[in-house]
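To start, the structure under review is shown below, and the notes come after it.
Below, chain A is the first sequence line, B the second, and so on; all start at residue 1.
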Amino acid sequence: MKETRFTMDRRTALQTTISAATLAVAGCLSKDPDDDADFRIGGPWKPSRDPLDGGSQLRRLGITEALVGVDYDANPTPELATEWERLDDYRWEFALREGVPFHDGESLDAAAAVESLRRTADAAAFADVPIDAIEAVDEATVAVETETPFTPLPAHLSRNEAVLLSPEAIGEDGSVTEPVSTGPFAVDTLQSGTELRAVRNDDYYGERPEMEIVRYEVVSDDQTRRMKLENRELEMARILPHEMVSALESTDEIDVYRHEVPRIRFLTFDTQSEPFDDDRVRQAVDHAIDRAAITEGPLNGVDDPAVGPFSPDVTEWANPDLETDRYDPDRARSLLSEADWTVDGGDSVRTRDGDELAVDVFTFDARSLPLIAEVLQDQLATVGIDLDVTVMEYSTMVDRVGQDSFDSYLTSWGTLWYPDPDRLSDMFHSEAASLHHGYENERVDTLLEEGRELRDRDARRERYHDIQSLVLEDAPIAVLTNYANVVATTSAISGYEPHPTELHYGLDSMTLEE
Amino acid sequence: MLRALLVRLGSLSSVLLGVSLITYGFMFLTPGDPAYTILREQRQSPPSESQVASFRAEHGLDDPFLVQYVSWLTDALQGDLGTSYYQSESITSLVLASLPNTLELALAATAVSLVLAVPLGVLSAVHRDTWIDRTSQIAALIGVSMPNFWLGYLLLLVCSLWLGLTPVGGVGTFGHLVLPAITLGSGMAAIVTRIVRTSMLEVIEADYVDTARSKGVRNRLVIYKHALRNALIPVVTIVGLQFGFVINGAVIVEAVFQRPGLGTLLVDAVFARDYPIVQGVVLVTAIAFVVTNQVVDLAYVALDPRVERGERS
Amino acid sequence: MSEQNRLEWRRRLDRWRPEIRTNTTIRLGGGVVGLLAIVALVGPLVSPYEPTTQALESRLQGPTLAHPLGTDALGRDVATRLTYGARVSLALAVVATTIRVAIGTTIGLLAATGGRFIDALLMRLVDVQLAFPGLVLALVIAGVLGPSLRNVVIALSVVGWASYARVVRGSVLAIRDRPFVQSSKLYGTPRRRLVRRHLLPHVASPVLVLATLNLGTVALAAAGLSYLGLGAQPPTAEWGTMIAGGRNYLRSAPWLVTAPGVAIMLTVVGFNLLGDGLRDALDPDHIDDRKRRRT
């Protein structure tokens with residue numbers, strides 16, 4: 001009696017369990033049957049429909065193009081304009097490439113370019129670019145006038161917001177429904193914030209890419225991106241954390257590319273509030289940091305230590321004579337003592353008038369920054385500075401330091417995202433800077449203003465080199481490391497050449513082995 | 001009956017009003033100025049004070065709280081949840097785009113939990129206090145105690161990386177659904193197993209089963225089928241009430257498996273301080289949650305004649 | 001506490017005691033929780049390492065005798081960090097739960113003993129709180145306040161009190177009209193004494209059971225919030241944060257994710273066993289699985 005009951009129930013239960021297991025296994029085995037893309041890229045950045053919302057993914061995938069491009073030395077280069085000329089201090093003329101169709105078949109002429117550029121120039125993203133007028137000179141020439149002499153104009157016209165869109169794609173109210181441009185690929189489907197599928201533009205004026213369908217997928221978690229590559233759900237994984245490099249390099253059939261880009265990690269100090277209103281305290285921090293320990297340790301030797309905004313390996317705008325060996329904890333200690341921050345008793349944290357030398361550093365969870373903050377915490381403790389780390393989201397941090405006083409924040413910046421050293425104005429000009437250090441140095445301001453107007457490249461270079469030496473001593477920021485992008489692909493991909501400003505992925509020159 | 005229904009509707013709408021008030025109130029509790037955030041994002045550099053001030057005036061951000069709240073609520077009632085700070089996309093369309101993925105996950109997780117829990121719970125009850133019972137209780141205990149982000153990683157490691165059976169992340173195919181559903185479903189299964197066991201025990205010990213037995217119904221299967229049917233009534237309730245659990249879990253499981261859904265939308269927005277999205281998602285989930293609970297309540301009343309009408313709170 | 005009051009508590013305690021002693025579940029759960037408490041208290045004292053001292057030259061080492069659970073990306077001893085993490089997790093769960101109990105009990109008592117209007121108002125408030133999926137609300141609150149352990153405690157306290165309010169109100173209503181309460185009311189016993197002598201003892205057992213079960217879910221939710229990046233700040237050792245930090249080393253250093261994961265699981269198992277055992281022993285009919293909300 002009891003026996004039969006047991007068997008009965010076990011059998012029913014077993015059947016259910018088995019059917020569940022079959023279901024699960026069946027699920028496991030069905031792998032993307034309808035994904036027909038030749039090339040799948042995973043990256044953390046979200047694609048958007050309107051280039052003005054941050055059109056980097058559209059540009060990188062080769063969908064949008066601008067008058068000006070960026071070459072492999074991070075200098076402006078012709079793209080949809082074949083050449084340009086600065087007629088006087090204020091007026092520029094750009095000659096359009098001829099016979100270029102938009103993805104919708106409309107042809108690119110001066111009128112179309114002017115309409116698209118005006119939309120860009122009016123946008124908030126271009127508020128700091130002093131464009132006065134944009135007009136068509138003839139069918140194939142566009143003139144741009146600036147309010148002030150503005151040498152970085154071509155560099156700004158290479159930005160992802162300045163891409164040319166078909167007049168048909170721009171609505172009456174200036175809104176953009178679909179990013180219709182001229183690149184080697186055209187948008188097939190776009191799910192904002194999730195996924196972008198692009199197909200080859202067979203009418204492209206340049207060389208026709210080999211790939212037909214490309215899919216970009218947002219995979220914000222680093223580890224997931226890497227695993228998807230290893231699991232062959234992606235052909236390319238962008239921007240992987242440095243701690244994965246050695247493991248990936250030893251993985252079969254995965255190629256790892258690490259290339260230095262014009263990007264730095266650095267600490268920004270609030271020079272308007274205690275204790276960093278004192279140069280000596282900022283310099284002390286600068287000397288207390290063992291940059292090599294950071295790059296060799298948590299960064300796995302992928303990045304190099306840095307002291308200035310530009311890397312000599314990437315651009316000639318870098319001042320090659322900056323003193324790079326800054327690590328000197330004894331000097332840091334004596335600077336702090338000079339500033340009256342003294343060690344008393346057995347306590348390891350320095351004090352002044354009873355206040356402890358305890359400072360906050362804010363940072364955000366990307367590009368190994370939290371890990372670096374923790375190392376800094378340890379290094380600064382050895383000279384008697386108590387560093388308190390808070391990890392927040394990027395925009396939270398920027399809003400906070402922009403509106404309140406703070407001690408310091410650790411961040412990462414692209415230093416040539418428009419390829420001109422005038423970018424240093426964003427970093428150090430007393431009024432124009434978007435860093436919140438509150439730093440003022442008249443000499444630096446003057447040099448920056450001259451550099452922005454001068455036409456001669458050598459004269460500009462001299463000024464920008466001087467600026468780099470000056471700010472190194474004033475230390476409104478402490479640069480820590482350069483930055484290398486880590487990108488991994490399956491070995492089936494060849495012909496990938498990483499671009500220094502990541503303007504494009506170069507899909508048109510890549511090939512795929514079957 | 002009608003009166004009871006009206007009372008229920010009345011209390012429902014007052015709850016929803018409170019929910020919307022709290023949801024909207026968040027923005028006013030937050031440090032920082034949305035105008036500053038929006039402008040900084042648009043300009044890619046910090047805006048000046050006068051720019052912030054004119055933006056505030058232009059967008060009615062200086063109006064009193066109640067004025068802003070009422071205008072937001074009026075729009076929301078018409079299906080317009082506003083626009084994100086960072087993307088020009090409307091929030092309604094963002095929510096609608098993520099909703100199917102989350103619903104899919106919720107249904108799949110519920111299915112997984114039932115498939116695991118019903119046999120386990122029945123076996124436990126039938127073999128009360130034997131090793132079978134104990135094992136299944138231990139399994140349930142572990143299931144409910146495991147942090148789902150951790151379980152998710154373990155499953156990823158084994159199923160995707162070592163065995164290469166499932167895709168690592170994203171959405172699209174049935175395969176993409178398997179691991180997230182198991183991760184989310186196992187926690188639910190643990191709770192459902194207990195309910196099935198408890199109510200099955202109640203039913204087995206109830207009089208009518210004895211009666212059936214004494215009348216000489218020999219076929220155990222019939223008895224248990226009968227018992228199971230009655231035991232499943234509370235299960236219906238619990239499955240409905242688990243909706244909240246599913247939403248909670250989705251927040252984390254979607255993050256682990258990088259599934260675009262309501263959870264990811266919310267987490268991203270919370271971190272980016274994109275409050276219009278936060279408000280939209282919270283409002284939608286809360287409404288869905290409240291409405292599901294009400295429906296489940298009603299279903300419970302309808303299913304089980306033993307429940308007194310109107311007395312349940 | 002008056003003599004009578006104490007007697008009432010005593011009576012209740014005596015009623016539980018034999019069952020508690022014989023209940024293996026309670027013993028098991030108590031054992032696990034006790035063990036964790038010992039680890040949390042003693043572990044940091046006996047460990048030769050500091051939880052925050054870095055040793056970049058010995059980073060990401062696998063388990064060895066010197067480092068039984070290996071080292072993390074900055075060369076810190078994982079075992080040591082785990083024991084400090086136990087302090088954080090236990091303290092966090094206890095503090096957040098205590099606040100929940102305090103808020104919930106107060107509101108429940110007020111609702112049950114106040115007038116109709118107060119009752120209706122408070123219960124609507126409870127409904128509104130319960131209308132939000134707990135973790136969603138906690139996530140939003142913690143996100144708004146900014147990342148820190150204190151804010152996690154606040155977020156988790158604000159969301160979880162409503163179930164207590166309901167349970168307390170229910171238990172009080174159940175005995176409000178009983179003769180012994182009625183008679184003391186007739187004798188003019190002041191309300192505070194009435195609450196303390198008759199009502200609180202009656203609600204103590206369901207609240208205790210609910211709270212114990214809740215400790216586990218609070219610990220889980222706190223780890224989840226920390227995992228998402230809203231909790232402990234570096235260099236504080238916290239289990240959820242440790243898992244998030246070990247994520248990038250899932251393949252090369254799996255112990256970084258496994259060790260804190262097992263620790264969280266053990267803690268929650270302990271609390272759940274204890275709660276289940278207490279429930280079986282006390283058998284307050286107010287709580288069943290249907291009312292256990294997960295936050």
Side-chain angles (χ1 to χ4, degrees), chain A residues 4-6 8-10 12-14 16-17 19-20 23-35 46 48-50 52-54 123-125 127-128 175 191-195 217-221 224-225 227-228 230-231 233 392-396 398-400 402-403 426 432 434 436, chain B residues 31-33 36-37 39-47 85-89 94 97 112 115-116 118-120 122-123 126-127 153 156 159-161 163-170 172-179 181-182 220-221 224 255-258 260 264-265 268 270-274:
Chain A
T4 44
R5 194 181 85 179
F6 263 91
M8 220 52 227
D9 283 299
R10 264 191 199 150
T12 345
L14 202 67
T16 332
T17 318
S19 57
L23 194 76
V25 171
C28 282
L29 296 176
S30 71
K31 248 188 178 184
D32 297 69
D34 52 347
D35 188 3
K46 299 186 170 177
S48 57
R49 226 166 268 281
D50 187 340
L52 289 178
D53 289 344
D128 295 330
S175 65
Q191 282 167 297
S192 166
T194 319
E195 176 189 293
E217 191 185 336
V218 179
V219 187
S220 47
D221 181 57
T224 311
R225 217 151 53 234
M227 293 193 295
K228 282 179 82 96
E230 288 181 300
N231 209 24
E233 291 164 54
M392 36 184 106
E393 180 62 20
Y394 178 72
S395 63
T396 314
V398 182
D399 283 358
R400 186 145 162 200
Q403 296 175 87
D426 299 343
S434 21
H436 300 281
Chain B
D33 181 352
Y36 182 92
T37 310
L39 284 171
R40 177 188 49 73
E41 185 63 25
Q42 286 178 354
R43 297 164 43 86
Q44 301 176 356
S45 68
Y85 284 174
Y86 302 103
Q87 305 166 41
S88 37
E89 209 107 345
L94 286 174
V112 168
V115 161
L116 287 174
V118 172
L120 220 56
V122 169
L123 276 180
V126 171
H127 304 285
Y153 279 130
L156 265 184
C159 274
S160 299
L161 295 180
L163 303 177
L165 290 175
T166 45
V168 172
T173 63
F174 186 67
H176 285 102
L177 195 57
V178 173
L179 292 188
I182 293 176
R220 293 270 160 186
L221 189 63
Y224 288 116
V256 170
F257 293 97
Q258 298 280 301
T264 356
L265 188 65
D268 285 354
V270 163
F271 278 110
R273 290 154 62 97
D274 198 338

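- A:Lys228 contributes atom NZ, which lies 10.0 Å from atom CG of B:Leu156 (distance to the nearest 0.5 angstrom).
- Counted by atom type alone, A:Asn231 and B:Ser160 present zero donor-acceptor pairs between their side chains at under 3.5 Å.
- For the pair A:Ser395 (side chain) and B:Ala272 (backbone), a donor-acceptor distance under 3.5 Å is present.
- Most heavy-atom pairs under 4.5 Å with chain B: of the set A:Met227, A:Met392, A:Arg400, this distinction falls to A:Met227.
- B:Val168 and A:Glu233 get closest at one heavy-atom pair: N-OE2, 2.5 Å.
- Looking at B:Val256, only its backbone comes within 4.5 Å of chain A, counting heavy atoms on both sides.
- The side-chain heavy atoms of B:Gln258 and A:Val218, taken from C-beta on, include no pair separated by under 4.5 Å.
- Neither the backbone nor the side chain of A:Ser48 comes within contact range of chain B; no heavy atoms are under 4.5 Å apart.
- Only the side chain of B:Pro260 comes within contact range of chain A, with at least one heavy atom under 4.5 Å from a heavy atom of that chain.
- No other option in A:Asp399, A:Asp426, A:Asp53 has as many heavy-atom pairs under 4.5 Å with chain B as A:Asp399.
- Heavy-atom distances place no part of B:Leu177 under 4.5 Å from chain A, backbone and side chain included.
- Heavy atoms of B:Asp274 lying under 4.5 Å from chain A are absent altogether.
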Please report the C-alpha distance between A:Thr396 and B:Phe271 in whole Å, then the side-chain angles of each, then the deciding distance to 0.1 Å, and finally whether the side chain to side chain contact (heavy atoms under 4.5 Å, CB included) criterion is met.
CA-CA 8 Å; A:Thr396 314; B:Phe271 278 110; over 6 Å; no
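- With a 4.5 Å cut-off on non-hydrogen atoms, A:Asp128 touches chain B through its side chain but not through its backbone.
- With a 4.5 Å cut-off on non-hydrogen atoms, A:Arg49 touches chain B through its side chain but not through its backbone.
- Checking side-chain atoms of A:Glu393 against main-chain N and O of B:Arg273 turns up no donor-acceptor pair under 3.5 Å.
- Atom OG1 of A:Thr224 sits about 5.5 Å away from atom OH of B:Tyr153, to the nearest 0.5 Å.
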